[in-house]
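Here's the structure, in structure tokens; my notes come after.
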Amino acid sequence: MLFVEVLRRYVDALPPEQTGWLAGMRDPAVGRALALLHARPAEPWTMESLSRQAGLSRSSLHERFVHFIGSRRCSNLTRWRMQWPRGSCAKRTRS
């Protein structure tokens with residue numbers, strides 16, 4: 001719990017012009033999109049379905065995503081999909 005609190009305080013203290021993954025989590029729409037991408041990586045996300053869930057137009061979500069994260073949504077999702085099975089395998093191996 002202490003780590004989570006420290007992380008929350010760090011994110012809250014980031015300057016408004018800060019970019020990056022943690023700064024993106026602070027933005028309501030980008031944070032929602034990132035949470036969805038990471039919670040459901042197997043979902044066949046399109047910019048349309050993701051923007052609908054995030055409550056923005058496709059172009060607005062794309063613009064904000066690139067501003068904060070520095071990459072397109074698909075690039076982020078592809079990286080996460082490549083890392084996701086490694087974590088699943090490691091959990092099964094330790095069980």
Side-chain angles (χ1 to χ4, degrees):
M1 286 305 250
L2 182 59
F3 175 74
V4 173
E5 185 60 30
V6 168
L7 190 58
R8 281 186 184 146
R9 288 180 187 219
Y10 174 79
V11 170
D12 288 344
L14 291 173
E17 66 278 358
Q18 181 73 37
T19 60
W21 193 82
L22 290 174
M25 290 298 291
R26 187 175 48 190
D27 180 85
V30 174
R32 174 81 175 135
L34 285 169
L36 288 166
L37 291 172
H38 288 252
R40 300 180 349 219
E43 184 92 18
W45 291 110
T46 63
M47 189 52 98
E48 184 176 341
S49 63
L50 195 58
S51 62
R52 191 177 325 110
Q53 292 287 323
L56 285 178
S57 69
R58 289 179 296 171
S59 59
S60 293
L61 181 60
H62 173 77
E63 183 179 299
R64 286 163 79 168
F65 206 94
V66 170
H67 168 76
F68 283 108
I69 309 304
S71 66
R72 295 181 355 256
R73 165 209 53 97
C74 293
S75 300
N76 186 275
L77 181 56
T78 301
R79 278 194 303 275
W80 177 240
R81 284 177 173 161
M82 295 300 289
Q83 292 174 356
W84 183 53
R86 283 192 293 185
S88 297
C89 290
K91 286 179 189 174
R92 278 188 250 144
T93 311
R94 285 186 240 147
S95 299

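Hydrogens, waters and symmetry mates play no part in the numbers below; they use all other heavy atoms, side chains included.
- The side-chain heavy atoms of R64 and D27, taken from C-beta on, include a pair separated by under 4.5 Å.
- Contact record, A54 with R32: CA-CG, 4.0 Å, taken as the closest heavy-atom pair.
- Hydrophobic clustering of Ile, Leu, Val, Met, Phe, Trp and Tyr side chains at less than 4.5 Å, counting indirect connections, keeps L22 apart from V6.
- Once rounded to the nearest 0.5 Å, the distance linking OH of Y10 with CD of E5 reads 15.5 Å.
- Using a 4.5 Å cut-off between side-chain heavy atoms of Ile, Leu, Val, Met, Phe, Trp and Tyr, with links allowed through other members, L14 and V4 fall into different hydrophobic clusters.
- Rounding to the nearest 0.5 Å gives a distance of 9.5 Å between CG of D12 and CG of L7.
- Atoms NE2 and NE2, from H67 and H62 in turn, are 13.0 Å apart once rounded to the nearest 0.5 Å.
- No donor-acceptor pair under 3.5 Å is formed between the side chain of W45 and the backbone N or O of A33.
- Atom CG of L50 is separated from atom CD of E43 by 9.5 Å, given to the nearest 0.5 angstrom.
- In this structure, V11 and R26 approach most closely via the heavy-atom pair O-NH1, 3.2 Å.
- Other residues, nucleotides and ligands contribute over 12 non-hydrogen atoms within 6.0 Å of the CD atom of Q18.
- How far CE of M25 is from CG of L34: 6.0 Å, rounded to the nearest 0.5 Å.
- Within the 3.5 Å criterion, the main-chain N or O of S57 finds no donor-acceptor partner in the side chain of S60.
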